[in-house]
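Reminder, nothing fancy here: chain letters follow the sequence lines and each chain counts from 1. The model shown is predicted, which means the values in this text are computed figures rather than measured ones.
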Protein chains: 2
Amino acid sequence: MRLFSPVDRSKSPSARQTLNCTSGPIYRAASEGQAWRLRSGVVRLDNIGPKGEAVFASLAIAGDIIGCETLLFGAYTFSATALTQCEMSPWPEGDSVPAGESLLASLAQAQRRAADVVALRGGQAADRVLGLIRLLVDSTGQVVLPMRQDIADITDLRFETISRIIKQLERMQILLPLRMDGVHATRGFRVNLPA
Amino acid sequence: MRLFSPVDRSKSPSARQTLNCTSGPIYRAASEGQAWRLRSGVVRLDNIGPKGEAVFASLAIAGDIIGCETLLFGAYTFSATALTQCEMSPWPEGDSVPAGESLLASLAQAQRRAADVVALRGGQAADRVLGLIRLLVDSTGQVVLPMRQDIADITDLRFETISRIIKQLERMQILLPLRMDGVHATRGFRVNLPA
DNA sequence: CGCATTTTTGATACACGTCAATCTCCGTGG
DNA sequence: CCACGGAGATTGACGTGTATCAAAAATGCG
């Protein structure tokens, strides 16, 4: 069970105040806090559903700003949960970029990301999973996927379906599991995309 | 077939420069133009797909800002199409609201709208259509729905499925068709939601 | 009035959901 | 060191919600 706990500030307190956080809750909707730029990793944003449960709302990946609504409302609109190891730093960064332009860039980025997420919820199941992989793969051709259940929440499929699709992609050599200590990783892969 | 044509500026050139546009194309991705605030109506935003076709990306309803990325890039990111009669006015409005705060409000609004759209693409078909109806119903309890095909694009269902669901909602008296010239309207309804 | 567009409806197919069992991986404690 | 237990992942058998294909009806526009 995931419990909400403060962000780990122990690592890299040196340059530019980057914060490390392990997979797990980052902040909760309606709580107070600041905005962040996600330096690396994957974060899911959730609405609170009618029965208090988390309802997937959006996704943030490296470069995205999360929680900037606190600058306006003083509280977070969504809950944020790290789906992989993440690095974040406070936003705005206080560098020379003019505030208005920086905000505008964030708005444009948020809209494009939203379109990406919408696309992950349409079409055939395998294409949705591939779409997510394309979104998450890094420049070296590797990817650390979220848990099957989180992929299912993002794509509006069932985790059994996700499991079948990922195993199929492995058999097709599109996903090549990374080995850690000689054992088959279930979430880290080298990606070998056809297109 | 929908062809792109300029916005009709003939109506209400008086106060605050509000523009009327009939159902149809508003602007095209990559073209130049300004940002707009949608005063009334429903607009779909589309990405250009791999084969040049329109791929649904997001939805804008009354109060939303569309095309604000032109302020940054000088060109639209998405294509915009009116799904119902719309009224729009140029944005920013040039009133007293500070630019930064106004932008921030737009960003927060865009994020909430994106979460709404994501929710319209998850769960059972009937719930998705009901979700859209809830989003579009006005304060008087009436709604003018987009065409079945557009609802299908938004919810990632087929128009035949949408047709069946709407007919079912009519039979359940949740949607009460408005009569115009004595004929059964297929898109205007009085809404009688259970919850 | 006539024709193109949109909507409705029916019959059938299949992709994904559901339920259940098993397996792997890992941390914990005896 | 190994037994134990829990979380996550895999796999199989079967059910069902929606897609697909086809045809007709209703609507709206010139």
A.B. asks: May I ask you to say what A/Arg187 touches in the nucleic acid, namely base, sugar-phosphate or nothing, with a heavy-atom cut-off under 4.0 Å?
C.D. replies: sugar-phosphate
A.B. asks: Are B/Asp150 and B/Arg44 close enough for a salt bridge, meaning some N to O gap below 4.0 Å?
C.D. replies: yes
A.B. asks: For A/Ile166, which contact category applies under a 4.0 Å heavy-atom criterion: base, sugar-phosphate, or nothing?
C.D. replies: nothing
A.B. asks: Assess whether one donor atom and one acceptor atom, taken from the side chain of B/Arg164 and the base of D/dT20, lie less than 3.5 Å apart.
C.D. replies: yes
A.B. asks: In terms of hydrophobic clustering (I, L, V, M, F, W, Y; side-chain heavy atoms under 4.5 Å; direct or indirect links), are A/Phe159 and A/Leu120 co-clustered?
C.D. replies: no
A.B. asks: Answer with yes or no whether the side chains of A/Asn192 and A/Gln173 bring together a donor and an acceptor at under 3.5 Å.
C.D. replies: no
A.B. asks: Where the side chain of A/Leu157 is concerned, which of C/dT6, D/dG8, C/dC16 is the nearest nucleotide?
C.D. replies: C/dC16
A.B. asks: May I ask you to check whether A/Ser89 and A/Arg39 show a side-chain donor-acceptor distance below 3.5 Å?
C.D. replies: yes
A.B. asks: Closest approach to the side chain of B/Arg158, judged atom by atom: which nucleotide of C/dT9, D/dA9, D/dT20 is it?
C.D. replies: D/dT20
A.B. asks: When the axes are fitted on five pairs at both termini, how much does the helix from C/dC1-D/dG30 to C/dG30-D/dC1 curve, in 10° steps?
C.D. replies: 40°
A.B. asks: Starting at atom CZ of B/Phe159, determine the distance to atom P of C/dG10, rounded to an integer number of angstrom.
C.D. replies: 16 Å
A.B. asks: Could one point to a donor on the side chain of A/Glu160 or the base of C/dC16 with an acceptor on the other under 3.5 Å away?
C.D. replies: no
A.B. asks: Expressed in angstrom and rounded to an integer, what is the separation of B/Met147 atom CE from D/dT27 atom C1'?
C.D. replies: 13 Å
A.B. asks: What closest approach, in Å, do A/Thr77 and A/Asn47 show between heavy atoms, and which atom pair accounts for it?
C.D. replies: O-OD1, 4.4 Å
A.B. asks: Distance check, rounded to the nearest 0.5 Å: B/Ile165 atom CD1 versus B/Leu132 atom CG?
C.D. replies: 11.0 Å
A.B. asks: Write down the distance between CD1 (A/Ile165) and C1' (D/dT10), rounded to a whole number of angstrom.
C.D. replies: 14 Å
A.B. asks: Closest to the A/Lys167 side chain: C/dC16, D/dT11, D/dA9?
C.D. replies: D/dT11
A.B. asks: With no hydrogens and no angle check, do the side chains of A/Ser79 and A/Arg28 hold a donor and an acceptor under 3.5 Å apart?
C.D. replies: no
A.B. asks: Whole angstroms only, please: what is the CG-P distance between A/Leu145 and D/dA9?
C.D. replies: 10 Å
A.B. asks: Take the protein atom CD1 of B/Ile151 and the nucleotide atom C1' of C/dT7, then report the distance between them rounded to whole Å.
C.D. replies: 11 Å
A.B. asks: A/Gln168 CD to D/dA9 P: how many Å, rounded?
C.D. replies: 18 Å
A.B. asks: Would you check, one step at a time, whether the test salt bridge (charged side-chain N to carboxylate O under 4.0 Å, His left out) holds for A/Arg113 with A/Asp64?
C.D. replies: CA-CA 9 Å; A/Arg113 183 70 61 234; A/Asp64 292 356; 2.7 Å; yes
A.B. asks: Are any of A/Thr161's side-chain N or O atoms less than 4.0 Å away from OP1 or OP2 of C/dG17?
C.D. replies: yes
A.B. asks: May I ask you to say what B/Gln124 touches in the nucleic acid, namely base, sugar-phosphate or nothing, with a heavy-atom cut-off under 4.0 Å?
C.D. replies: sugar-phosphate
A.B. asks: Report yes if at least one side-chain N or O of B/Ser163 is closer than 4.0 Å to OP1 or OP2 of C/dT8; otherwise report no.
C.D. replies: yes
A.B. asks: Heavy atoms only, 4.0 Å cut-off, all strands: where does B/Ile162 land among base, sugar-phosphate and nothing?
C.D. replies: nothing
A.B. asks: Should B/Arg148 be listed as having a side-chain N or O under 4.0 Å from OP1 or OP2 of C/dT8?
C.D. replies: yes
A.B. asks: Taking the side chain of A/Glu170 as heavy atoms from C-beta outward, which of C/dT7, D/dA19, D/dT10 is closest to it?
C.D. replies: D/dT10
